[in-house]
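Labels below follow one simple rule: chain letters A, B, ... track the order of the sequence lines, proteins then strands, and each chain is numbered from 1.
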Amino acid sequence: MPKMDAALHQCAIAELSALLAARKASARDIMQSCLDQIARVESSIHSFISFDAADALAQAGAADKLLASGVTHREKPLLGIPVGIKDVIAVRGQPLNCGSKILGKYISPYSATVIEKLHDAGAVTFGRLNMDEFAMGSSTENSAFVVSRNPWDVTRITGGSSGGSAAAVTADECIAAIGSDTGGSVRQPAALCGCVGVKPTYGRVSRYGLVAFASSLDQIGPFARSVRDAAMVLGVIAGHDPRDSTSVPQPAPNYAAALDGQVKGLKIGLAREHMVEGLNPEVAAAMSEAVKHYEKLGAEIVEVSLPHTDYAIAAYYIVATAEASANLARFDGVRYGARVDGSDPIDLYCKTRGTGFGPEVKRRIILGTYVLSSGYHDAYYLRAQKVRTLIRQDFLNAFEKVDAIITPTSPTAAFKIGEKADNPLQMYLSDIFTISCNLAGICGISIPCGFTKEPKLPIGMQLLGKPFGEETMLKLAHAYEQSTPWHNEKPPLSQVDLP
Amino acid sequence: MNSRPSSNANLTRIDRVASDFDIKYVAHLARISLTPTEEEKFGQQLSNIIGYIEKLKELDVDAIEPTAHAVPLVNVFRPDEVRPGLSNEEAMRNAPAAANGLFMVPKIVE
């Protein structure tokens with residue numbers, strides 16, 4: 001049945017579950033279909049640093065055995081579903097590089113909690129999806145391995161830092177993927193590639209086994225081709241974990257079950273501070289259409305104010321780099337990873353880190369060290385933490401009036417590879433819409449809301465939800481998605497010619 | 001408090017330069033060796049970024065409490081019980097240099 005096989009990698013999770021339950025396809029067929037798609041498109045888009053096909057097919061075979069023994073998707077909701085994994089999450093026995101050279105030939109001795117949860121739910125986890133080194137970047141150009149390319153135009157970036165995850169899901173190389181979001185690293189690449197990406201509330205998903213970048217901001221989230229699929233994966237990975245002390249002891253709701261139902265009467269906030277001048281006109285036009293569409297669906301649009309928006313990027317790049325400088329101190333060439341020998345331990349650290357880290361990671365560690373250094377801590381780090389209080393309070397005030405806030409995800413569509421590579425500050429400024437969400441610890445989602453004309457590139461819109469308000473946020477996203485055509489559009493990868 | 005929102009204000013302040021940022025000194029604190037080319041390039045880029053983050057000084061934050069993280073939890077405890085962990089062999093497997101179950105490092109004391 002070659003024709004049906006060709007379509008398996010493009011199916012939604014519910015469709016695949018039905019095929020598996022009816023024995024019309026096996027988990028191995030599904031995994032093989034993804035591997036065949038990888039063989040077709042991977043040389044154009046470079047989503048993966050590496051993948052272990054034999055291990056993935058073995059996991060799929062085990063899923064088939066479970067299905068044959070009578071296990072159903074009611075017990076294991078992702079049984080036989082291939083899920084790609086960002087190279088920042090530990091999977092026992094698999095490489096872990098964080099897109100960096102400094103980890104050398106590191107093999108994870110244990111699995112992250114999200115991986116254990118995915119396996120418990122029957123998912124086939126595979127691949128080391130490409131990313132900006134240590135999740136520091138907005139384009140995936142900072143990977144030490146390869147630059148991922150946008151499935152809609154391979155001369156353009158995928159966004160970042162989880163660019164490999166977004167490109168792989170968009171190009172049908174896997175059914176869903178896992179990424180991490182510290183300042184927009186799930187939502188922004190989802191927007192630029194044209195898929196769905198969720199940043200859950202801080203504390204919602206365990207970070208045990210996620211290599212830390214900025215511990216007060218990091219959160220793991222799913223990528224998928226529909227809100228429903230993203231909600232299903234989120235339902236599996238969310239929940240309390242005693243091994244992550246920031247994980248909140250609240251049971252995870254059934255997010256997929258919360259999708260249906262009225263959005264009539266829900267209030268969506270529009271912040272006047274988000275009408276920035278640098279906003280691309282086509283993105284602005286898509287946003288006003290989306291707002292009108294929500295009004296047609298019966299939601300009420302309410303103007304809100306987030307007065308400290310203009311300070312978010314500055315506060316973020318102090319808090320995030322300070323925490324990164326502490327977290328990345330562990331990469332010293334002693335216990336794991338690559339080592340460059342030195343005459344004494346300090347010389348060894350300096351040489352190992354000078355050789356092993358790429359430019360953006362070096363810049364951020366140095367900046368973080370500076371803002372924490374004696375005499376500067378209060379002026380920068382403490383002040384940024386206070387501004388963070390103001391930003392969080394802005395959102396909590398707004399959420400007294402509205403159920404969610406709508407924004408563009410990114411001020412522009414995907415830019416050209418190399419366009420901002422030499423200007424880190426310009427790159428940081430493109431994170432304007434996504435960063436506050438992490439500082440405030442709230443949840444956010446990006447979904448497709450249109451395309452630019454020439455060239456045709458996806459535009460993403462973002463919904464921000466209350467702390468632990470994922471259900472309402474997902475319901476709003478689902479209602480928009482199901483009444484608009486954008487999520488059904490596929491990138492013309494077959495016409496791809498590499499530059 | 002000045003809360004006039006941005007429009008394009010954030011794009012105009014990027015020319016300010018931090019005068020007292022010593023790239024050599026801070027890179028050494030961070031235990032990162034840099035080439036002379038990197039020192040020059042990163043020094044310039046980081047001065048621009050520090051110039052930009054100075055904008056936080058526009059806000060009066062004297063009466064504001066800092067936020068370290070956004071989760072409503074403090075002092076999370078668990079029972080002090082022995083649990084399974086990595087074996088010595090597993091913990092050493094990724095070591096760049098090891099002998100007798102120990103990490104090898106350059107000589108520290110004469």
Side-chain angles (χ1 to χ4, degrees), chain A residues 106-107 109-110 202-203 216 242 245-246 248 272-273 276-278 307-311 313-315 317-318 325 333-339 342-346 348-351 353-354 357 362-363 365-367 369-370 373 380 382-390 392 424-425 429 440-441, chain B residues 1 3-11 14 21 23 25-35 38 41-42 45-46 48-50 52-59 61-62 64-73 76 78 86-87 90-97 103-108:
Chain A
Y106 188 89
I107 301 291
Y110 67 93
Y202 187 74
S216 79
S245 64
T246 65
V248 172
R272 69 178 88 94
E273 291 82 3
V276 293
E277 275 171 34
H308 299 94
T309 298
D310 192 30
Y311 301 95
I313 292 176
Y317 279 95
I318 294 172
S325 74
V334 172
R335 288 156 298 163
Y336 35 69
R339 168 187 285 195
S343 51
D344 58 57
I346 300 228
L348 180 150
Y349 305 150
C350 291
K351 284 182 175 156
R353 291 158 64 81
F357 289 135
K362 287 181 193 171
R363 274 191 294 266
I365 292 174
I366 292 168
L367 180 59
T369 304
Y370 176 69
S373 62
Y380 291 114
L382 185 63
R383 177 169 285 267
Q385 287 189 312
K386 290 179 171 187
V387 174
R388 186 173 182 182
T389 304
L390 296 171
R392 178 166 163 81
L425 184 52
L429 295 176
Chain B
M1 173 189 336
S3 61
R4 174 75 199 114
S6 76
S7 70
N8 231 13
N10 50 5
L11 299 177
I14 62 176
F21 176 68
I23 179 83
Y25 173 70
V26 185
H28 184 71
L29 286 181
R31 302 291 184 255
I32 294 176
S33 62
L34 296 178
T35 64
E38 284 178 320
K41 188 173 176 185
F42 297 168
Q45 290 169 329
L46 288 170
N48 278 341
I49 293 165
I50 292 164
Y52 175 76
I53 64 180
E54 294 284 336
K55 71 185 283 153
L56 292 191
K57 294 188 175 156
E58 294 166 10
L59 291 170
V61 292
D62 284 352
I64 309 293
E65 286 291 312
T67 294
H69 60 77
V71 79
L73 294 173
V76 178
R78 62 170 173 80
L86 296 182
S87 66
E90 285 173 309
M92 301 304 297
R93 194 170 292 153
N94 285 301
F103 296 108
M104 299 282 283
V105 292
K107 201 170 185 179
I108 296 171

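- Taking K107(B), R93(B), M104(B) one by one and counting their heavy-atom pairs under 4.5 Å with chain A, the maximum is reached by M104(B).
- Between L390(A) and Y311(A) there is no side-chain heavy-atom pair separated by less than 4.5 Å.
- Counting non-hydrogen atoms of other residues, nucleotides and ligands closer than 6.0 Å to CZ of F103(B) gives a total above 12.
- Between Y336(A) and Y106(A), the angle of the ring planes goes over 60°, which puts this pair in the perpendicular group of the 30/60° scheme.
- Both the backbone and the side chain of K57(B) come within less than 4.5 Å of a heavy atom in chain A.
- Highest contact tally toward chain A, considering only P96(B), P106(B), S87(B), is held by P96(B) [criterion: heavy-atom pairs under 4.5 Å].
- For a residue to count as touching a neighbouring chain, one of its non-hydrogen atoms must lie under 4.5 Å from one of that chain's; by this rule L86(B) touches chain A with the side chain only.
- For chain B, the nearby parts of R335(A) are the backbone and the side chain; heavy atoms of each come within less than 4.5 Å.
- The candidate from G333(A), G441(A), A440(A), S245(A) with the greatest count of non-hydrogen atom pairs under 4.5 Å with chain B is S245(A).
- Of the two parts of I318(A), only the side chain, counted from C-beta on, holds a non-hydrogen atom closer than 4.5 Å to a non-hydrogen atom of chain B.
- Distance check: K41(B) NZ to L34(B) CG gives 12.5 Å after rounding to the nearest 0.5 Å.
- For L348(A), the part lying under 4.5 angstrom from a heavy atom of chain B is the side chain only.
- Taking the side chain as every heavy atom from C-beta outward, L29(B) and S373(A) approach each other to under 4.5 Å.
- Interface summary for chain A: among V61(B), T35(B), V76(B), the most heavy-atom pairs under 4.5 angstrom belong to V61(B).
- The OH atom of Y317(A) sits 11.0 Å away from atom CZ of R363(A), with the distance rounded to the nearest 0.5 Å.
- Distance CD1/I53(B) to OH/Y380(A): 5.5 Å, rounded to 0.5 Å.
- For E65(B), the part sitting under 4.5 Å from any heavy atom of chain A is the backbone (N, CA, C, O) and nothing else.
- Of the listed residues (A384(A), S325(A), G337(A)), the greatest number of heavy-atom pairs within a distance under 4.5 Å of chain B belongs to G337(A).
- Put simply, CD1 on I366(A) and OH on Y25(B) are 13.5 Å apart, with the number rounded to the nearest 0.5 Å.
- Your options are A314(A), G203(A), P345(A), G354(A), and the one with the most heavy-atom pairs under 4.5 Å with chain B is A314(A).
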